[in-house]
Enquirer: 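Below are the structure tokens for one structure; questions will follow.
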Amino acid sequence: MQVSPSLLSADFGNLAADIAEINASNADMLHIDVMDGVFVPNISFGFPVMKYVKKLSTKPLDVHLMIVEPQKFVNEVRDCGAEYMTVHFEACTHLHRVVQQIHDAGMKAGVAINPATPVCLLRDIIDSVDMVLVMSVNPGFGGQKFIESSLRKVAELRQMIEETGSQAIIEVDGGVNQETGARLAQAGADVVVAGSYVFGAADKKAVIEGLKNL
């Protein structure tokens, strides 16, 4: 299992130290949630913070845009050093075009779906994306309870990927811990995003290692 700790749960008064702990761990990526207060009912951080994080992080940046009109910011996300840029299905009227923009900018393209969005809507884009992010909580806040139906969605998505020959990986974000992570691994997930479970732990490296071994 790949692990992408979510910076949203870090101590922003101690950010450099928290990122240093992630650098020293076996985490695969660093997940960055960008919120605009419009698409989701919260505001997180913008490009100046992302550029600062990129300077500190030795891990690839996994940038998740929970914003309206994400296509306007493809170049800015690239300039912050992102490896993955993930946009929401629900926020993109012309999703295929946005995925092309992300690829043209030299990044890997991810598409996220909210808990109420069915997996079947991704069939016509699945062979064009590098990652699908299944939200297992409603986006906008950390520390929420895992939504059980996410397991079925991951299994459906795994079946779709196998049927279509897509190379997309499956990432899951929300309510991830050792117990839910194990069930997600069984359902077919490739990457788990963990926020409060990692950054709230006394030993972040050990928690990440536990998730890696799922």
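Nothing here was measured: the structure is a model prediction, and the numbers come from that model.
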Enquirer: Give me the atom names and distance for the closest heavy-atom approach of Cys92 to Val87.
Expert: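 Looks like SG-CG2, 3.8 Å.
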
Enquirer: Are any side-chain N or O atoms of Thr164 and backbone N or O atoms of Met160, one a donor and one an acceptor, separated by less than 3.5 Å?
Expert: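 A pair under 3.5 Å: yes.
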
Enquirer: With side chains defined as the heavy atoms from C-beta onward, is the minimum distance between Ile32 and Asp62 less than 4.5 Å?
Expert: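 Ile32 does not reach Asp62 side chain to side chain.
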
Enquirer: Below 4.0 angstrom, N of the basic side chain to O of the carboxylate: do Lys205 and Glu209 qualify?
Expert: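 Salt bridge: no.
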
Enquirer: If you count heavy atoms of other groups shown closer than 6.0 angstrom to CD of Glu76, is the number above 12?
Expert: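 More than 12 heavy atoms, drawn from other residues, nucleotides or ligands, come within 6.0 Å of this atom.
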
Enquirer: Could you tell me if the side chain of Leu214 sits less than 4.5 Å from the side chain of Leu211, heavy atoms only?
Expert: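 Side-chain contact under 4.5 Å: yes.
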
Enquirer: Within the distance-only criterion (no hydrogens, no angle test), does the side chain of Thr180 pair as donor or acceptor with the backbone N or O of Gly175 below 3.5 angstrom?
Expert: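 Confirmed, Thr180 side chain pairs with Gly175 backbone.
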
Enquirer: Just by distance, do the side chain of Asn23 and the backbone of Thr58 share a donor-acceptor pair under 3.5 Å?
Expert: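 Answer holds: yes.
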
Enquirer: If I take atom OG from residue Ser4 and atom NE2 from residue His64, how far apart are they, to the nearest 0.5 angstrom?
Expert: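 One gets 11.0 Å once the value is rounded to the nearest 0.5 Å.
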
Enquirer: Which Ile, Leu, Val, Met, Phe, Trp or Tyr residues join Val191 in one cluster when any pair of side-chain heavy atoms under 4.5 Å counts as a link?
Expert: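 The other cluster members (ILVMFWY side chains, heavy atoms under 4.5 Å, direct or chained) are Met29, Tyr84, Met131, Ile169.
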
Enquirer: Is the count of non-hydrogen atoms from other residues, nucleotides or ligands lying under 6.0 Å from Asp124 atom CG greater than 12?
Expert: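 No, the 6.0 Å shell around CG holds no more than 12 heavy atoms from other groups.
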
Enquirer: For residues Ser128 and His96, determine if any side-chain heavy atom of one lies less than 4.5 Å from a side-chain heavy atom of the other.
Expert: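 Yes; the side chains approach each other to less than 4.5 Å.
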
Enquirer: Could you name each residue pair satisfying side-chain hydrogen bond (donor to acceptor under 3.5 Å, both in side chains) that touches residues 39-55, not counting sequence neighbours?
Expert: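 Sorted pair list comes back empty.
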
Enquirer: Do Ile170 and Ile161 touch side chain to side chain, with heavy atoms closer than 4.5 Å?
Expert: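 The answer is yes; the side chains approach within 4.5 Å.
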
Enquirer: Does Asp173 offer a backbone N or O that forms a donor-acceptor pair with the side chain of Ser136 under 3.5 Å?
Expert: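 Here the side-chain-to-backbone pair exists.
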
Enquirer: Only pairs at least two apart or in different chains count here, so list each salt bridge (Lys or Arg N to Asp or Glu O under 4.0 Å) that has a residue in residues 175-200.
Expert: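 Only Glu148-Arg183, Arg158-Asp190, Glu179-Arg183 qualify under salt bridge (Lys or Arg N to Asp or Glu O under 4.0 Å).
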
Enquirer: With rounding to the nearest 0.5 angstrom, report the CG to CG distance, Asp18 to Leu56.
Expert: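 The CG atom of Asp18 sits 11.0 Å away from the CG atom of Leu56.
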
Enquirer: Looking at side-chain heavy atoms only, is the closest gap between Asp130 and Met107 below 4.5 Å?
Expert: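 A side-chain contact under 4.5 Å is absent here.
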
Enquirer: Under 3.5 Å, side chain of Ser9 to main-chain N/O of Ser196, donor-acceptor pair present?
Expert: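 Flag set: sc Ser9 to bb Ser196 pair under 3.5 Å.
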
Enquirer: Taking side chain as C-beta onward, heavy atoms only, is Val77 less than 4.5 Å from Phe47?
Expert: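 When only atoms from C-beta onward are counted, Phe47 and Val77 do touch, with a gap below 4.5 Å.
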
Enquirer: Are Ile22 and Val193 co-members of a hydrophobic cluster defined by side-chain heavy atoms under 4.5 Å apart?
Expert: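 In one cluster: no.
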
Enquirer: I'd like to check Leu15 versus Leu7 (side-chain heavy atoms, cut-off strictly below 4.5 Å). Are they in contact?
Expert: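 Heavy-atom side-chain distance check passes, below 4.5 Å.
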
Enquirer: Going by heavy atoms in the side chains, are Asp11 and Phe199 under 4.5 Å from each other?
Expert: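 Sidechains of Phe199 and Asp11: no contact.
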
Enquirer: Could you report the tightest heavy-atom contact between Met135 and Pro115, atom names first, then the distance?
Expert: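 In this case the closest contact between Met135 and Pro115 is O-CG, 3.6 Å.
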
